[in-house]
Amino acid sequence: MKALKLRATGRAFAPEPIPSQTLSNLLWAAWGINRPAEGKRTAPSARNRQEIDLRVVRADGTFLYDAAGNRLLPVAAGDHRALAGVQPFVKDAPLTLLLVADTSRMKGAVTDPAQRQWIWADASFISQNIYLVCASEGLATGVRALLDRSALGKALGLSERHVILLAQCVGRPAPSGPNGTK
Ligand SMILES: Cc1cc2nc3c(=O)[nH]c(=O)nc-3n(C[C@H](O)[C@H](O)[C@H](O)COP(=O)(O)O)c2cc1C
């Protein structure tokens with residue numbers, strides 16, 4: 001109840017990195033495996049396709065969250081935080097989580113426009129998990145759909161089968177700062 005009460009979109013971030021254990025907990029809660037025997041996860045996905053992957057865009061590179069191994073795998077070198085959004089506050093946050101669908105896991109849905117929309121529903125559950133963990137940890141976060149997907153996808157080496165759905169900055173809230181709405 002407290003986390004739901006505190007859930008809000010933040011748009012002002014302090015630059016310091018968040019502790020690695022906090023990030024590990026956040027990734028597990030967002031989209032980790034909570035039933036190892038079945039390989040099922042903390043968020044539902046249509047037909048259990050699990051087509052979404054989380055990428056962590058940080059100053060020291062971009063990493064893929066490997067839920068099975070509970071680890072981060074480096075996927076792109078360099079600091080791409082400024083490309084992870086079009087709003088000025090984005091580059092200030094220590095990290096952006098990207099929710100990226102791999103449409104090769106969509107099986108028959110690729111040709112069915114209605115089922116294709118389900119990737120957005122799947123992404124929303126993950127996003128809300130992130131919101132609630134951030135609320136409970138005193139972290140700021142805000143989901144974003146406004147992105148230059150083409151530039152970001154190119155910088156991160158994504159292919160045509162990947163769809164960048166949503167981005168979500170995470171960090172300590174800035175001591176003071178603008179927090180307007182979009
Ligand atoms: C699908 C979706 C896309 C959004 N895209 C952006 C965005 O690109 N930039 C932004 O600042 N906020 C974005 N938001 C956040 C909304 O503006 C925010 O949720 C809304 O103003 C309500 O505020 P609250 O989350 O604090 O309740 C988005 C929210 C959703 C659900």
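Note: hydrogens, waters and symmetry copies are ignored here, and every other heavy atom, side chains too, is used. Whatever order the structure lists ligands and atoms in, that order sets their numbers, starting from 1.
Of all the listed residues (Gly142, Ser124, Ala123, Ala145), Ala145 holds the heavy atom that lies closest to atom 5 (N) of ligand 1. Distances from atom 29 (C) of ligand 1 to the heavy atoms of Leu146, Val86, Thr9, Val143 put Val143 nearest.
Between Arg7 and ligand 1, a contact under 3.5 Å exists for at least one N or O pair.
Side-chain atoms of Gln50 and Arg41 include a donor-acceptor pair closer than 3.5 Å. A donor-acceptor contact closer than 3.5 angstrom links the side chains of Gln168 and Ser127.
The environment of Glu38 atom CD is dense: over 12 non-hydrogen atoms of other residues, nucleotides or ligands sit within 6.0 angstrom.
Put simply, OG1 on Thr141 and CG on Leu95 are 8.5 Å apart, with the number rounded to the nearest 0.5 Å.
Residue contact check: Ala8 has heavy atoms under 4.0 Å from atoms 26 (O) of ligand 1.
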